[in-house]
Q: 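The structure is given below, and queries will be raised subsequently.
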Amino acid sequence: MNRRNFIVSSVMGAGALSMFPTSALASNNGVSLTNIGKGFERLLDSVNHVSISNLSSGVAKTHQRLVAALNESGYAYNTTEVVKLSNSCYAIPLHKQPLLGFESKELALIVKNNSTSKFYILNEKLTKEFSGLIDNFSLNAESHELDLDAASFAFPVKVVKQQQGRETVFTYQNKFNNTIALKSTRKKSEVHLS
């Protein structure tokens, strides 16, 4: 193949790929909870995988709205089940693999409060902080030989605030009424407890 034909065919191939949605090229297999972070590996015994058909009607409706948002944004996820973190919180591990760049691992949460439920999508930085919170709490409890439930401490019971923009914030209350804020900016991310 001569140089001119090589350049033309390369440009035509790149043009064809640019018209293809990235979600069509991404894997349709969802990422597992253990692939997201070390903290989630520690809690495998306390979480359950629940089929979509076994969700309560309120959570199922919220899940349908979440799926529409995920499909629109090009996320890959497990379409048949969710991970039940607690009686009031469900998780769906997500990943997005753009045509160019690195795969992102994120987390969608459905939080049920009283009779209503809402969904939240934690970006990759907030997901890492969330996993790190679980991991650090578990390590501290083990090092002090305390029998503390990391799931009750780390998982949301009520979401106080979600903000996106220059600073992304996800603030929630746990089972013990502690307020936990996961914050990220372009340069850093952190967890605040109160």
Side-chain angles (χ1 to χ4, degrees), residues 30-48 50 58-59 62-63 65-67 69-70 72-73 75 77 82-96 102-144 146-194:
V31 65
S32 71
L33 198 59
T34 57
N35 291 344
I36 289 182
K38 206 176 199 179
F40 293 110
E41 288 178 27
R42 294 181 170 279
L43 299 178
L44 286 181
D45 296 336
S46 63
V47 299
N48 299 315
V50 178
V59 174
T62 304
H63 183 266
R65 291 192 308 271
L66 171 61
V67 164
L70 295 177
E72 186 178 308
S73 298
Y75 284 102
Y77 56 95
V82 297
V83 180
K84 184 177 180 181
L85 301 177
S86 68
N87 288 332
S88 59
C89 186
Y90 299 84
I92 301 166
L94 311 170
H95 77 256
K96 188 188 283 190
F102 298 101
E103 176 183 58
S104 69
K105 295 177 183 173
E106 302 177 25
L107 188 68
L109 296 175
I110 297 175
V111 180
K112 185 170 66 168
N113 186 19
N114 297 327
S115 60
T116 62
S117 60
K118 292 184 179 181
F119 70 86
Y120 307 91
I121 299 174
L122 304 182
N123 66 24
E124 189 167 26
K125 285 184 176 181
L126 292 184
T127 301
K128 283 182 183 177
E129 288 298 325
F130 191 46
S131 176
L133 172 70
I134 298 166
D135 192 33
N136 289 333
F137 185 85
S138 299
L139 284 172
N140 285 333
E142 285 173 14
S143 68
H144 291 91
L146 299 172
D147 186 24
L148 298 175
D149 183 18
S152 295
F153 176 78
F155 296 147
V157 173
K158 177 183 176 185
V159 175
V160 177
K161 173 184 172 183
Q162 183 181 31
Q163 168 188 320
Q164 301 208 348
R166 189 170 248 159
E167 181 180 56
T168 303
V169 179
F170 181 70
T171 307
Y172 65 93
Q173 289 182 334
N174 64 11
K175 188 176 180 178
F176 307 116
N177 289 327
N178 300 111
T179 301
I180 300 171
L182 307 172
K183 296 183 178 186
S184 75
T185 61
R186 202 178 74 152
K187 294 185 179 183
K188 67 176 183 172
S189 57
E190 56 195 11
V191 177
H192 293 271
L193 301 172
S194 56

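What you see is a predicted model; the values in this text were computed from it and never measured.
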Q: Between the main-chain N or O of G39 and the side-chain N or O of S131, is there a donor-acceptor pair closer than 3.5 Å?
A: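 Judged by distance alone, yes, a pair lies under 3.5 Å.
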Q: How far apart are the C-alpha atoms of F130 and F40, what are their side-chain angles, what is the distance that settles it, and do they pass the ring-ring contact (aromatic ring centres under 6.0 Å, His included) test?
A: CA-CA 9 Å; F130 191 46; F40 293 110; 5.7 Å; yes
Q: If the threshold is 4.0 Å, N to carboxylate O, is there a salt bridge linking R42 and E142?
A: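 Salt bridge: yes.
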Q: Would you confirm whether S138, through its side chain, and I134, through its main-chain N or O, come within 3.5 Å as a donor-acceptor pair?
A: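 Yes, the answer is positive, given that a donor and an acceptor are paired below the 3.5 Å cut-off.
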Q: Go through it in stages, so that I can follow the logic: the residues are V83 and I92, the test is side-chain contact (heavy atoms from CB on, under 4.5 Å), and I'd like the CA-CA distance, side-chain angles, deciding distance and then a yes or no.
A: CA-CA 6 Å; V83 180; I92 301 166; over 6 Å; no
Q: Answer yes or no: is there a side-chain heavy-atom contact under 4.5 Å between I121 and E106?
A: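 When only atoms from C-beta onward are counted, E106 and I121 do touch, with a gap below 4.5 Å.
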Q: With a 4.5 Å limit on heavy-atom distance, are the side chains of V157 and N113 in contact?
A: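 The answer is no, as the side chains (C-beta and beyond) never meet within the 4.5 Å cut-off.
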Q: Taking all atoms of both residues into account, what is the closest heavy-atom pair of T168 and G165, and its distance?
A: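 That would be OG1-O, 3.8 Å.
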Q: To the nearest 0.5 Å, what is the distance between CG on D149 and NZ on K175?
A: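 Reported value, rounded in 0.5 Å steps: 6.5 Å.
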Q: For E167 and K183, what are the C-alpha separation, side-chain angles and deciding distance, and is it a side-chain contact (heavy atoms from CB on, under 4.5 Å)?
A: CA-CA 7 Å; E167 181 180 56; K183 296 183 178 186; 4.0 Å; yes
Q: Measure the shortest side-chain to side-chain distance between I36 and L107 over non-hydrogen atoms and say whether it is less than 4.5 angstrom.
A: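 Heavy-atom side-chain distance check passes, below 4.5 Å.
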Q: How about V159 and F170: do any of their side-chain heavy atoms sit closer than 4.5 Å?
A: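 Counting from C-beta outward, V159 and F170 do come under 4.5 Å.
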Q: Rounded to the nearest 0.5 Å, how far does OG of S88 lie from CG of N174?
A: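 If I round to the nearest 0.5 Å, the distance is 10.0 Å.
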Q: Do L109 and C89 have side chains that approach each other closer than 4.5 Å (heavy atoms only, starting at C-beta)?
A: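 Side chain of L109 against side chain of C89, heavy atoms only: contact under 4.5 Å found.
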Q: Can you see which heavy atom on R186 is nearest to which on K125, and at what distance?
A: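 Distance-wise, the nearest heavy atoms are O-NZ, 2.6 Å.
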Q: Taking A69's backbone N and O only, do any of them form a donor-acceptor pair with S73's side chain (distance below 3.5 Å, no angle check)?
A: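 Yes.
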Q: Has the side chain of N114 got a donor or acceptor atom that lies under 3.5 Å from a matching backbone atom of T116?
A: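 Absent.
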Q: Drop me the distance from K96's NZ to E124's CD, to the nearest 0.5 angstrom.
A: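 If we round to the nearest 0.5 Å, K96:NZ and E124:CD are 11.0 Å apart.
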Q: Does atom CG (N87) have a neighbourhood of more than 12 heavy atoms from anything else shown, all under 6.0 Å?
A: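 For N87, atom CG is not crowded (no more than 12 foreign heavy atoms under 6.0 Å).
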Q: Hey, could you give me the NZ/OG1 distance between K161 and T179, rounded to the nearest 0.5 Å?
A: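 Going from NZ on K161 over to OG1 on T179, the span is 12.0 Å.
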Q: One pair to check against side chain to side chain donor-acceptor pair (under 3.5 Å): S189 and S184. What are the steps and the verdict?
A: CA-CA 4 Å; S189 57; S184 75; over 6 Å; no
Q: Side chains of R65 and F119, heavy atoms from C-beta outward: is any pair under 4.5 Å?
A: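 Answer yes - side chains close enough.
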Q: Could you walk me through whether K84 and V47 pass the side-chain contact (heavy atoms from CB on, under 4.5 Å) check?
A: CA-CA 6 Å; K84 184 177 180 181; V47 299; over 6 Å; no
Q: Do L43 and D45 come within less than 4.5 Å of each other through their side chains, counting heavy atoms only?
A: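 Sidechains of D45 and L43: no contact.
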Q: Please check: side-chain N/O of K105 versus main-chain N/O of P93, any donor-acceptor pairing under 3.5 Å?
A: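 No: the side chain of K105 does not pair with the backbone of P93.
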Q: Check whether S117 reaches the backbone of V111 with its side chain - one donor and one acceptor, N or O, closer than 3.5 Å.
A: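 Such a contact is absent between S117 side chain and V111 backbone.
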Q: Do L44 and T34 pass the side-chain contact (heavy atoms from CB on, under 4.5 Å) test, and can you show the C-alpha distance, the side-chain angles, and the key distance before you say yes or no?
A: CA-CA 8 Å; L44 286 181; T34 57; 3.4 Å; yes
Q: When rounded to the nearest 0.5 angstrom, what distance separates CG in L66 from OH in Y120?
A: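 Separation between the atoms: 12.0 Å.
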Q: Distance check, rounded to the nearest 0.5 Å: L133 atom CG versus E190 atom CD?
A: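 Atom-to-atom, L133:CG and E190:CD are 13.0 Å apart.
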Q: Give a yes or no on whether the backbone of A154 and the side-chain of Y172 come within a donor-acceptor separation of less than 3.5 Å.
A: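 Present.
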Q: On a heavy-atom basis, which atom in Q162 and which in Q164 lie closest, and how many Å separate them?
A: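 What the structure gives for the nearest pair is NE2-NE2, 3.7 Å.
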Q: Could you check if a side-chain atom of K112 sits within less than 4.5 angstrom of a side-chain atom of V59, using non-hydrogen atoms only?
A: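 Contact flag for K112/V59 side chains = yes.
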Q: Using the test ring pair (Phe, Tyr, Trp, His ring centres under 6.0 Å), find all partners of F153 that sit at least two apart in sequence or belong to another chain.
A: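 F153 satisfies ring pair (Phe, Tyr, Trp, His ring centres under 6.0 Å) with F137 once adjacent residues are dropped.
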